[in-house]
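Written below as structure tokens is the structure these notes are about.
A, B, ... follow the sequence lines: proteins, then strands. Residue 1 opens every chain.
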Amino acid sequence: MNRLLKNREILLTVIIALMIAGFSTRAQGFAAPGNLANIFNDTSILIILALGQMTVILTKSIDLSVAANLAFTGMAVAMTNAAYPDLPLALLIVMAIGIGAFLGAINGYLVWALRIPPIVVTLGTLTIYRGMAFVLSGGGWVNAHQMGPTFLNVPRMPVLGLPILSWIAILIVLGAWFVLTRLPFGRAAYASGGNPTAAIYAGIDIGWTKFIAFVVSGALAGLSGYLWVSRYAVAYVDIAAGFELDTVAACVIGGISIAGGIGSVGGAVLGALFLGVIKNALPVIGVSPFAQMAISGIVIVLAVVFNARAERKAGRIILRDRGVKEVSA
Amino acid sequence: MPILEMRGISQIFPGVKALDGVSIKLYPGQVTALIGENGAGKSTLVKILTGIYRPNEGEILIDCVPTTFASAQAAIDAGVTAIHQETVLFDELSVAENIFLGHAPRTRFGTIDWRKINSGAKALMLQLESEIDPTIRLRDLSIAQRHLVAIARALSVEARIVIMDEPTAALSRKEIDDLFRIVENLKRQGKAILFISHKFDEVYEIAENFVVFRDGRAVGQGRLKQTPQDEIVRLMVGRDVKDVFPKVEVAIGAPVFRVESYCHPTEFRDISFELRRGEILGLYGLIGAGRSELCQSLFGVTRPSSGRLVLEGKPLDIRSSGDAIRAGIVYVPEERGRHGLALPMPIFQNMSLPSLGKTSRSGFLKAANELALARKYAERLDLRAAALSVPVGTLSGGNQQKVVIGKWLATQPKVIILDEPTKGIDIGSKAAVHAFIGELAAEGLSIIMVSSELPEILGMSDRVMVMREGLAAGVFEREALSAEALVRAATGNQ
């Protein structure tokens, strides 16, 4: 499966390169380094959220509340900034990550201690967190002129040719890679999704692993909350509505198995970039926004079909084993 | 004249001949008991008769006409129906829906005829002398009542041949009496019944004929009335087994592990034994005797209701499998696919999974250490793989078993529990696994080996504990070991 995954990453890279080449024949300058950097910067938040989502999906769970978490946290930090302009930005960022992690911990706790299916838990908290954002703001907006200049400008500041937002995404990618491949937690996440029973037998606490995965996902959603309101210079209840589906789509396109236990950081990043390139290219080559959604949808379905085929290949081995097992039964 | 005859049936799976030239006959109005150890080929025969497997050789005749069952539906159409060991029913559907699922009567508009379903179900249940309301949901029924529903479902198709695969396993004595009345009733209707059971008293009570399977062959058949039980036990066991498994002689040391009146709320009761250094304790019993449940509890997967564990003189408090691993007790589970391995993960990561504490340095995984660990045990176990980084799912069954064993050895345990260590692997790999178990004992490990294969138990064990219905039915020292004694203790036939 590893080799297949590597192939998939190469395949995705090739497809993305081909798409960029194709689009640049229709739109002058699409492949220019400046524009590519723009696309990456545009996709940064999706990449960050997709990595959190991936961590959760690896453990055989799903986090549908990331976008709502982002909206609530974004609103909270934006209002704090508007009310207390003198608070240092670092404190606000720590606050964003903290609130996000706390909301993620609520999801994780419900999944871990009460054994409620993750899709039900996060579908519920999705609505709750959005509702909390409404209660907090009273339905009002926080506009650019209410936010401090540091709050707005830091993520846009270019460092070595890339905005800080992009650099944050790159750091998170490296961090996720490190956590998932170099820390026991990462191994526990792969094992609890790959075979929960075997993981228990190996002394891994699956519930705790899932809890941590949700906290990670929540913390990244919280960080994204700040990045989002700063980038778009506005906070209101409905920001990033439906964005949780994009994060799941990025994972699926990137070859993260919805059944858990399979996937790589590289895959999730490429899946997010794939969506990012399409989203940026379609308006440039004059495709209507309505067709854009349909096209994104078709791509996601194709990716699922592709995944299903790849997993069926693995299934054959299991069937062969089952044959042997039944003989002895 | 038999309703159904099987002639020279062979079923071959990769590496294993599950059935080898089996011939049996089933007669109308008679019960034929199918007897054999676990793994003797009984379930394979049932799967052939119900159209799930197609045999590689031989023919099936119904009313003396050769037929082939191309599918499960074809077997049902030919009048063969089976009541399985674990009933396959739907909790959330009503009794009537469960009975008629897949062949529900239709109205002339093609929709489901609910009135007919419910009245038909009621009639079937009455025929079984039960007054279960057909509209009640299955999850509200007791296990015995569910069993009746499964039987009703089997009878709802016009069956002439009824296969009952260990139908009494989950039933109490009274429910068994009820079941036997139903069987008598079916006999009177002229149905041929194939009755699979381990329990001799039941077999003698209900069956006219018997067939004994051993290692995929029908080694004996005839009329039960003229056959004493000892003869059947002898047929089941067959060979002189001590030659097949040359036991490595190991000097047995001091006591290491003691289990004191271990109890579980539902699965086993009052189990006590002691395990010495270098000793192999065989754990024998029929399926459902509580052996695996005991082992899982010793390993911390389930909690006991009372009892005490003592390892090297110190009492143990095991609350999770992690605790057990740290204390030095490991469990190699029976179903390696389900309990043992994460198939998408590489070999070396599977092997290092319970030993991450040892291979990691200050909280970081060290791939080099993991690979070294995996390489060491892969060499010891003669694991055949292209590379240690390939997913475990790509390996053969025997090699997967080696990964599981290697993974647990790498934790350097004091007590190792092997649950059916050679189940589902080919003869060659079996011999290698047996030799290896001998080596482990020689190195001073204490081993608990659960097995349903008599030859394996007799050949490998220093001592055997037999379990029956959750209780210790007897402990036999090596000198007192005999196949007959073990089977008697396990089946409760004194």
If you count heavy-atom pairs under 4.5 Å with chain A, which of Val330(B), Val301(B), Leu19(B) comes out on top?
Val301(B)

Contacting region of Phe299(B) [heavy-atom separation from chain A under 4.5 Å]
side chain

Verify the neighbour count for atom CD1 of Ile119(A): are there more than 12 heavy atoms of other residues, nucleotides or ligands below 6.0 Å?
no

Largest heavy-atom contact set with chain A, pairs under 4.5 Å, which of Ser352(B), Ser321(B), Gly322(B)
Ser321(B)

Can you give me every donor-acceptor pair (side chain of residues 176-184 of chain A, partner residue at least two apart or in another chain, under 3.5 Å) with its distance?
| from | atom 1 | to | atom 2 | distance (Å) |
| --- | --- | --- | --- | --- |
| Thr181(A) | OG1 | Trp177(A) | O | 2.7 |

Between Val56(A) and Ser217(A), what is the shortest heavy-atom contact and its length?
CG2-CB, 3.5 Å

Heavy-atom pairs under 4.5 Å with chain B - which of Gly203(A), Gly194(A), Gly261(A) has more of them than the others?
Gly203(A)

May I ask you to decide whether Arg187(A) forms a salt bridge with Glu370(B), counting only side-chain N to carboxylate O separations under 4.0 Å?
yes

With distance as the sole test, does Lys42(B) use its side chain to make a donor-acceptor pair with the main-chain N or O of Ile196(B) at under 3.5 Å?
no

Could you have a look at Ala367(B), Ala324(B), Gly363(B) and say which one has the most heavy-atom pairs with chain A under 4.5 angstrom?
Gly363(B)

